[in-house]
Amino acid sequence: MKTFINKSWQFTNTFDKQLLASKKTDIKIKLQTVDLPHSVVQTPYNYFDAKIYQTVSGYRKTFKTAAAWKNRRVFITFEGAAHEATVYLNGQLLGTHSTGYTAFTYEMTKFLAPQGSENVLVVKLDSNETIDVPPFGFVIDYMTYGGIYLEVFIEDKPQIFIDDIYVTTKENSCDVKFALSEQVSEGTQFNVTVAPWSKTKGKPITVSVTANRSTANLHAEITMPDVKMWTPETPDLYTATVELVSKNKGESDSKSERFGFRDIVMNAEGLFLNGKKYKLRGLDRHQSYAYQGYAMPESLQRFDAKVLKEELGLNAVRTSHYPQSHHFIDACDELGLLVFTEIPGWQHIGSSAKWRKQAIQNVNEMVLQYRNHPSIFLWGVRINESPDDDELYSVTNSVARELDPSRPTGGVRCFKKSNLLEDVYTYNEFVHRGDNEGCEPKSKVTSNMKKAYLISEYNGHMYPTKMFDDEIHRTNHALRHAKVINDVAGHSDIAGSFGWCAFDYNTHEDFGSGDGICYHGVMDMFRNPKMAALVYKSQAEDEVVLDVSSSMDVGEHPACTRGKNWIFTNADSIKMYFNDIFITEYFPSNSPYKNLKHPPILIDDYVGERFVKEEKMSQKSSEQAKAVINFNAIYGQIKMPFSILLKAAALFLKGFGYAKLRKLYDNYVGNWGGAASVYKFEAIKDGKVVKTILKGPVKNIQIKADISNKELSVENGWDASSVRLSVKDQYGNTVPYYMESVRFSVSGPIELIGPETSCFRGGYAGTYVRTTGKTGKAQLKVESADLSCNINFSVL
Ligand code: GAL
């Protein structure tokens, strides 16, 4: 049985040997009671020194030896402890685990106290960035935090137990391989059952396997009729259960693993899943959160996957630059989000034997721990952006291939024509500068055209963007993302791309904007969307997307021009109205981004037929005047191109001088002094209006709260909810320059993660609430200037 022991650990941020004492009364240092997942320190939002989480801390947990463990073997598993954990049970060393991004298990059996007596479990945890293991040894563009930041559980097992299950699939059949903790006698029987998981329909199938003289190659091949393949659109899942059938009571064992039927091929043409070609549209994810670092519970790990899939419409994510919480990957499996996961590291390969051995060990742990996740399609077996090192990387490749022949290997580079020991050339493509190509052709980058090529990063530091940047900057950021995915879509031999990155993140002083934040996300640290999020969201079909890049306020742009404003939509067309007067209808074919099905569309007409109808101009004169006025609306009073000049000259000859044109501009584009100027946009799909948005002067504002999780559970530890706040105008548009302070107060069994006072940044704010251990009704009160809202939670 698996028992989580996440609650009531004693913590000190400076390890002391006294922790090993069997009696608590012998410990004279001050201890704090904490629940897991735990961060050694809560960090400020920005402007903090990475030294604050670098410490050798101590954790102590007591638990009784259960009666049920009699004659059983008992193990403890840490899902994640950053970064070097030395674990003791009752004063005896269980082991040391280095590199904080993979799980580790120790057997406790022989050190356990007698039944009913108390055991003392102590962890000495080194979170110093000077440890000689990956990712340390040089600078790193992300915070590495510290703490037992994922869950811990105890599992009791029989003397001989099923240690591992590994499932591979081919069309509708699967091969369930399993390994035992010990040699079993010849003739031992196993039942292997493959059954649909949860929502997947179908009947379970069981086959019997008999061990012969060697237990090295135990497996069952099972064919499932009517199998539902795992795809990003239909993420059907199955479970494989292996049962050891023993005549001796209490000696039987059973273990299950979840998997999906799917086949991955990555070749010169791209990525094929079950024979169908997919273009990867993904972003890179750091698993860090404001204030809390890595230590977030299951619900929020899962929530990130939902945000990526459902709010950003992605089909892929890269877990840069380390393996991430199984809860996150489980959600990717369930939602159909393809995952490229990789070993920990950043640019630097350590020179010591210890460091290099650990890098290989990390491949081993990553593949063994994650290989049944159907969402994972590629192993990253190189240190992100490190130089070629054939000696090291030929080993990491062979370890991954041996432990999992079903998936290709890759490894992220920041330079071209590197030695390609992997199956896929994975490359950080930072060529795009805003006014040039979005990516280079594959032939310019890879050293082997016969193998697959994918882009593992783009944008990021090329154009950091804050929620509170001005409209032009935020628009340019969005368009850079559009340009790269458009150009990638134009190269059929690029398997796809991952943009840098999904969420802003805290980083070291060598990086970021000086405040310890890399503003590289398509969302902020709270997962509030920047404008660029619309580029991604509009590529998906599940929900109608319609928004424009501008608040339609001329005063936001230089010289009061309207500038280049863009529509982000996945509709068939968009009708634009000014004060309910129809102006024009825009189609995706109008867009310069020709390779995207749902490209951003430039708003290039503010006049429509108004000159004909309201100024009684002839069609011809109207077309000429429109060209001149719209040119000025977008570019301002700059030198007109010859084609527009000709039209201006024709108008001049008809008596339309500068003053008259200027008046037309002021009346129809500038709208100065106009009683009301409201732009309406209608999204049309299959001939029907499916969404309408309005942009006009702000009359009143209110707070909108977006809550990830209103029902919190304290069953296995603590739970949390993200609270995303935005201030909306009367039409539901976020008001981008609302920057007031915000105060949070809680009642009932919840508390805040982070400060009680914060502020809105660019119309958005955020916080987290967490459980305190008690159950009941709880409330968060949010107050900002004259605005407020209350959010109710129930803790179960
Ligand atoms: C890459 C690196 C990422 C991040 C990014 C910023 O070189 O792999 O971790 O630093 O640059 O754009």
Side-chain angles (χ1 to χ4, degrees), residues 46 50 101 129 134-145 280 282-288 293-294 316-324 339-349 359 362 378-389 393 410-416 418 422 424-434 438-440 445 454-466 469 473 476-478 480-481 483-485 488 497-525 530 532:
N46 56 359
Y101 299 99
E129 294 182 335
F136 307 119
F138 185 52
V139 294
I140 305 174
D141 174 18
Y142 51 92
M143 296 270 177
T144 59
Y145 302 102
L280 297 160
L283 292 171
D284 289 84
R285 174 200 188 228
H286 268 306
Q287 67 179 4
S288 54
Y294 289 159
V317 58
R318 172 175 167 228
T319 68
S320 49
H321 298 301
Y322 37 80
Q324 301 185 355
V339 180
F340 168 17
T341 196
E342 66 190 0
I343 51 169
W346 203 83
Q347 294 196 343
H348 165 77
I349 302 177
N362 290 342
L378 181 63
W379 299 121
V381 300
R382 295 169 73 107
I383 304 297
N384 172 63
E385 294 194 332
S386 58
D388 279 342
D389 186 329
Y393 292 141
V412 171
R413 298 143 165 89
C414 55
F415 57 100
K416 300 172 183 175
S418 134
E422 295 76 27
V424 186
Y425 201 100
T426 39
Y427 175 64
N428 290 348
E429 166 65 286
F430 291 112
V431 71
H432 185 54
R433 294 183 305 269
C439 63
E440 289 189 292
V445 180
L454 85 72
I455 293 174
S456 35
E457 290 180 34
Y458 56 87
N459 285 349
H461 64 280
M462 299 302 286
Y463 208 69
T465 299
K466 302 168 190 78
D469 276 326
H473 190 102
N476 288 339
H477 180 236
R480 282 175 181 240
H481 280 271
K483 175 66 177 163
V484 177
I485 61 171
V488 169
S497 55
F498 293 83
W500 191 264
C501 57
F503 317 124
D504 290 348
Y505 55 97
N506 284 123
T507 190
H508 287 99
E509 60 196 17
D510 323 77
F511 306 91
S513 292
D515 63 344
I517 297 180
C518 264
Y519 292 95
H520 296 176
V522 161
M523 295 181 145
D524 71 5
M525 283 206 276
K530 297 182 189 171

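Order of listing sets the numbers, starting from 1, for every ligand and every atom in it. Fair warning: this is a prediction, and the values are worked out from it, not measured in the lab.
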Expected contact list for ligand 1 at under 4.0 angstrom, heavy-atom basis, is Asp141, His321, Trp346, Asn384, Glu385, Asn428, Phe430, Glu457, Gly460, His461, Trp500, Tyr505, His520
Checking [X] now: which residues fulfil salt bridge (Lys or Arg N to Asp or Glu O under 4.0 Å) with it, not counting sequence neighbours?
| X | result |
| --- | --- |
| Asp389 | Arg356 |
| Arg413 | Glu422 |
| Asp515 | none |

Taking CZ in Phe138 as the centre, count heavy atoms belonging to other residues, nucleotides or ligands within less than 6.0 Å. Is the count above 12?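 Incorrect, the count does not exceed 12.
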Tell me yes or no: between the side chains of His348 and Ser386, is some donor less than 3.5 Å from an acceptor?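 Looking only at side-chain atoms, Ser386 and His348 do not form any donor-acceptor pair under 3.5 Å.
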Measure from NZ or CZ of Arg318 to the centre of the six-membered ring of Phe340 and say whether it is under 6.0 Å with the direction within 45° of the ring axis.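 Judged by the rule, Arg318 and Phe340 form a cation-pi pair.
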